[in-house]
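Just so we're on the same page: letters track the sequence lines, and every chain starts at 1.
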Number of protein chains: 2
Amino acid sequence: MEMQDQPCPIRDVLDRIGDQWSLLILQALAQRTLRFNQLSREIDDISRQMLSRTLKRLETDGFVRRTLFAEVPPRVEYTLTELGRSFLSPMQALVEWADTHHAQIRQSRRQARDIASDS
Amino acid sequence: MEMQDQPCPIRDVLDRIGDQWSLLILQALAQRTLRFNQLSREIDDISRQMLSRTLKRLETDGFVRRTLFAEVPPRVEYTLTELGRSFLSPMQALVEWADTHHAQIRQSRRQARDIASDS
DNA sequence: CTGGATCCTGGGCGATACTG
DNA sequence: CAGTATCGCCCAGGATCCAG
C-alpha cells in the first residue's frame with residue numbers, strides 16, 4: 001500500500017537522516033569540505049561500506065555534493081550543499097538538546113531498571 | 001565491544017527518538033494529555049503493539065508519564081514530562097525544516113533517478 | 001584512494017490472537 | 001479499555017573480498 005505521492009514530510013526526512021550515521025557525517029562536513037578517507041577517520045567507527053552508502057543517499061537527497069577530481073590516485077571531495085547548510089541550524093538545536101539532557105535521560109533509564117529489579 | 005559508560009549523546013538520543021513513531025507520539029502529546037486509544041486513533045496507522053512498545057520506551061527515558069486510574073474499565077493517560085516538553089522546541093525546529101524543504105528533497109531525488117535512468 | 005558486490009545477522013515492525 | 005505473546009518478514013548495517 002502507501003501509494004501516496006506526498007508522504008508525511010517529517011517521517012520522510014527522518015527516514016533518511018534518522019539513521020545511525022547521517023547526522024554524524026553532516027556534522028563532520030559542517031565546518032569544512034572533506035575527502036572520503038578523511039571522513040572515514042573523522043568518524044572512525046563507521047565501516048567504509050556504510051560511509052559510502054550514507055554519502056550516496058545524502059547526495060541523492062541533495063544534502064551533500066560530491067566532486068570527483070580526475071587525478072591519480074583519485075580524489076573525491078564532499079561538501080554541504082545550500083540545502084545541507086540550511087539543515088545545520090535545526091540539527092544543532094537537536095544536538096545541543098541531546099548534550100544538555102543526556103544525563104537526565106540516562107538517569108531516568110537507571111531508575112526504570114532499578115524499579116524493575118524490585119521484583 | 002562498546003563498553004562505554006558515556007555513549008555519544010546525540011547517537012544515544014537518536015537511537016530512541018529516531019525510530020518510526022516516537023516523534024509522532026510526542027507531537028500528538030504536545031498539546032494535550034491523551035489516552036491509549038486516543039493516541040491509537042490520532043496516529044491511526046500505528047499498530048497497538050508498536051504504540052505500546054514506543055510509549056514504554058518514552059516512559060523509560062523520561063519523556064512521557066503514564067498514569068493508570070483504578071477504574072473499570074481501566075483508564076490510562078499519557079502526558080509529557082518536563083523533559084518531554086523541553087524537547088518540543090528542537091523537535092519543532094526539525095519539523096518545520098522538514099515541512100519547508102521537503103519539496104526540494106523530493107525534487108533532488110527525482111533528478112537523481114532521472115540521471116540514473118540515462119543509462 | 002575510493003568505492004562496489006556479496007553474504008550474513010540482529011532487531012524493528014506488523015499481524016494475529018489472547019488477557020485482566 | 002489497555003495492553004501482552006508469539007510469529008515471521010524485511011532491511012539497516014557489519015565483514016569481507018574485489019575493482020578502477
Side-chain angles (χ1 to χ4, degrees), chain A residues 1-2 7-8 11-26 28-29 33-61 64-79 112 116 119, chain B residues 1-2 7-8 11-25 28-29 33-61 64-79 112 115-116 119:
Chain A
M1 310 313 145
E2 288 296 342
C8 168
R11 293 177 71 167
D12 197 23
V13 170
L14 265 188
D15 277 355
R16 294 304 182 101
I17 59 87
D19 66 1
Q20 201 171 1
W21 301 115
S22 292
L23 283 208
L24 292 179
I25 292 178
L26 293 176
L29 294 176
T33 294
L34 288 175
R35 303 177 53 173
F36 187 85
N37 267 6
Q38 288 178 315
L39 275 166
S40 183
R41 259 174 276 116
E42 195 96 355
I43 307 185
D44 101 319
D45 56 342
I46 191 176
S47 64
R48 307 235 270 20
Q49 168 81 280
M50 281 314 297
L51 179 56
S52 175
R53 281 189 202 171
T54 309
L55 279 170
K56 182 161 297 186
R57 280 204 331 205
L58 289 174
E59 190 195 358
T60 299
D61 283 9
V64 161
R65 176 164 28 253
R66 177 183 185 273
T67 311
L68 165 65
F69 295 87
E71 305 175 353
V72 177
R75 174 165 56 109
V76 180
E77 287 187 353
Y78 292 93
T79 187
S119 55
Chain B
M1 310 312 148
E2 289 294 343
C8 167
R11 293 176 72 166
D12 197 23
V13 170
L14 264 188
D15 276 355
R16 295 306 183 100
I17 58 87
D19 66 0
Q20 200 171 1
W21 302 113
S22 292
L23 282 209
L24 292 180
I25 292 179
L29 293 175
T33 295
L34 287 175
R35 304 178 54 175
F36 187 86
N37 268 4
Q38 287 178 315
L39 275 166
S40 184
R41 259 173 276 115
E42 196 95 355
I43 307 184
D44 100 318
D45 57 341
I46 191 176
S47 65
R48 310 237 282 353
Q49 169 82 277
M50 282 313 297
L51 179 56
S52 175
R53 282 189 200 170
T54 309
L55 279 170
K56 185 163 296 185
R57 279 205 331 205
L58 289 174
E59 189 194 358
T60 298
D61 283 9
V64 160
R65 176 162 31 251
R66 177 185 186 272
T67 310
L68 165 66
F69 296 87
E71 305 175 356
V72 177
R75 174 163 56 109
V76 179
E77 287 188 352
Y78 293 93
T79 187
I115 293 176
S119 56

Protein-nucleotide distance (A:E71, atom CD; C:dG3, atom P), rounded to Å: 13 Å

Boundaries of the DNA chain D segment in contact with chain B, non-hydrogen, under 4.0 Å: D:dC1 to D:dT6

Base-contact (B) and sugar-phosphate-only (S) positions in nucleotides 13-20 of chain C, heavy-atom cut-off under 4.0 Å, - elsewhere: BBB----B

Pairs satisfying side chain to side chain donor-acceptor pair (under 3.5 Å), at least one member in residues 34-43 of chain A, at least two apart: A:R32-A:E42

Quick one: side chains of residues 17-26 of chain A, donor-acceptor pairs under 3.5 Å with protein atoms, not counting sequence neighbours, listed by atom name and distance.
from, atom 1, to, atom 2, distance (Å)
A:D19, OD1, A:W21, N, 3.3
A:D19, OD1, A:S22, N, 2.9
A:D19, OD1, A:S22, OG, 2.8
A:D19, OD2, A:S22, OG, 3.1
A:D19, OD2, A:R57, NH2, 2.8
A:S22, OG, A:R16, O, 3.2

Nearest-Å distance for atom pair CG/P, residues A:L14 and C:dG12: 16 Å

Interatomic distance, B:D15 CG vs C:dG10 P [rounded to whole Å]: 18 Å

Partners meeting salt bridge (charged side-chain N to carboxylate O under 4.0 Å, His left out) with B:R48 (sequence neighbours left out): none

From B:L39 atom CG to B:I46 atom CD1, the distance as rounded to the nearest 0.5 Å: 8.5 Å

Set of salt bridge (charged side-chain N to carboxylate O under 4.0 Å, His left out) partners for B:R11, sequence neighbours left out: A:D45

For atom CZ of A:F69 and atom C1' of C:dT2, their distance in whole Å: 14 Å

Rounded distance (nearest 0.5 Å) linking atom CG of B:L55 with atom OH of B:Y78: 5.0 Å

Phosphate-side-chain proximity, A:S52 and C:dT2, N/O vs OP1/OP2 below 4.0 Å: no

Sugar-phosphate, base or nothing in reach of B:Y78, heavy atoms under 4.0 Å: sugar-phosphate

